[in-house]
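Right, one structure below, let's go through it.
Fair warning: this is a prediction, and the values are worked out from it, not measured in the lab.
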Amino acid sequence: MRLLITIPGIHASQRFECLHDDPSPFVALHEIDGPEVFESDEYKAQAGPSGTGEWRSRMNSWRRNVFAGLDHTPEVPKTGLLLVIEDGIDSGWPDGVTPVWLMATGLDRSAQRRAIAVCHDSERGRTAMDWPGIRVLKPLTPRLTAA
């Protein structure tokens with residue numbers, strides 16, 4: 001990840017893992033200039049599906065979507081959780097959690113619309129683990145930002 005944030009157009013990155021079984025157990029939030037970053041020579045030479053380093057052996061679902069709707073990716077503290085909410089799920093998240101809906105703008109576009117929310121109360125966030133269409137993820141790394 002430290003290498004990733006040295007690539008022009010990538011400003012921040014944080015990785016997450018699901019607390020429950022899910023076909024896509026990992027999520028990375030990258031703050032980027034736009035989808036073209038992932039087509040750049042710098043990115044292709046140092047990152048992407050062929051350059052994930054220690055993550056490669058743990059990745060069993062490689063889908064990449066670029067979403068618009070936030071100026072900056074949120075920082076999820078070590079004690080917090082990230083909720084990823086699929087389109088069509090209009091309730092079921094914990095009280096006090098406000099999802100931000102995002103629209104797909106690039107790469108795979110395997111989901112046209114998706115929401116994310118930060119839950120600072122991990123016990124409250126865990127209550128969403130039983131809801132279909134909501135992934136509850138713990139941070140694997142801190143949010144790193146480019147210098």
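- With sequence neighbours excluded, the residues that form a ring pair (Phe, Tyr, Trp, His ring centres under 6.0 Å) with F38 are Y43.
- Listed by chain and residue number, Q14, F16, V76 satisfy the side-chain contact (heavy atoms from CB on, under 4.5 Å) test with P139 (two or more places apart in sequence, or in another chain).
- The two atoms that bring P99 and A117 nearest to each other are CA-CB, 3.9 Å, heavy atoms only.
- Heavy atoms only, all atoms of each residue included: L140 and E17 are closest at CD2-OE1, 3.5 Å.
- The shortest side-chain heavy-atom distance between L83 and P94 falls under the 4.5 Å cut-off.
- Residues V100 and G69 come closest through the heavy atom pair CG1-O, 4.1 Å.
- Of the candidates I134, V136, D22, L137, L137 is the only one forming a side chain to side chain contact (heavy atoms under 4.5 Å, CB included) with V84.
- To the nearest 0.5 Å, the span separating CD1 on I116 from OG1 on T73 amounts to 7.5 Å.
- One finds the OG1 atom of T127 at 8.5 Å from the CG atom of D121 (value rounded to the nearest 0.5 Å).
- For residues 75-89, the side chain to side chain donor-acceptor pair (under 3.5 Å) pairs, not counting sequence neighbours, are E86-R114, D87-R113.
- Considering every non-hydrogen atom in both V37 and P8, the closest pair reads CG1-O, 3.9 Å.
- Not one N or O on the side chain of E42 forms a donor-acceptor pair closer than 3.5 Å with the backbone of I7.
- Rounded to the nearest 0.5 angstrom, M129 CE and L19 CG are separated by 6.0 Å.
- Transitive grouping of hydrophobic side chains (ILVMFWY, heavy atoms separated by less than 4.5 Å) brings W101 and W131 into a common cluster.
- In this view, S110 and N65 satisfy the side-chain hydrogen bond (donor to acceptor under 3.5 Å, both in side chains) rule, not counting sequence neighbours.
- In plain terms, the two heavy atoms of P132 and I89 that are nearest each other are O-CD1, 3.5 Å.
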Any chance you could lay out the side chain to side chain contact (heavy atoms under 4.5 Å, CB included) test for L81 and K138, step after step, and finish with the verdict? CA-CA 5 Å; L81 296 172; K138 67 178 180 181; 4.1 Å; yes
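- Contact between L70 and P74 at its shortest, heavy atoms only, is CD1-CD, 4.1 Å.
- Every residue two or more places apart in sequence or in another chain that forms a side-chain contact (heavy atoms from CB on, under 4.5 Å) with A28 is listed here: R15, H30.
- Under the side-chain hydrogen bond (donor to acceptor under 3.5 Å, both in side chains) criterion, D33 pairs with H11, not counting sequence neighbours.
- Residues L82 and L29 are in side-chain contact: their nearest non-hydrogen atoms beyond the backbone lie under 4.5 Å apart.
- Side-chain contact of S24 with R135: a donor-acceptor pair under 3.5 Å is absent, judged by distance alone.
- M103 and V66 end up in different hydrophobic clusters when Ile, Leu, Val, Met, Phe, Trp and Tyr side chains are linked at under 4.5 Å.
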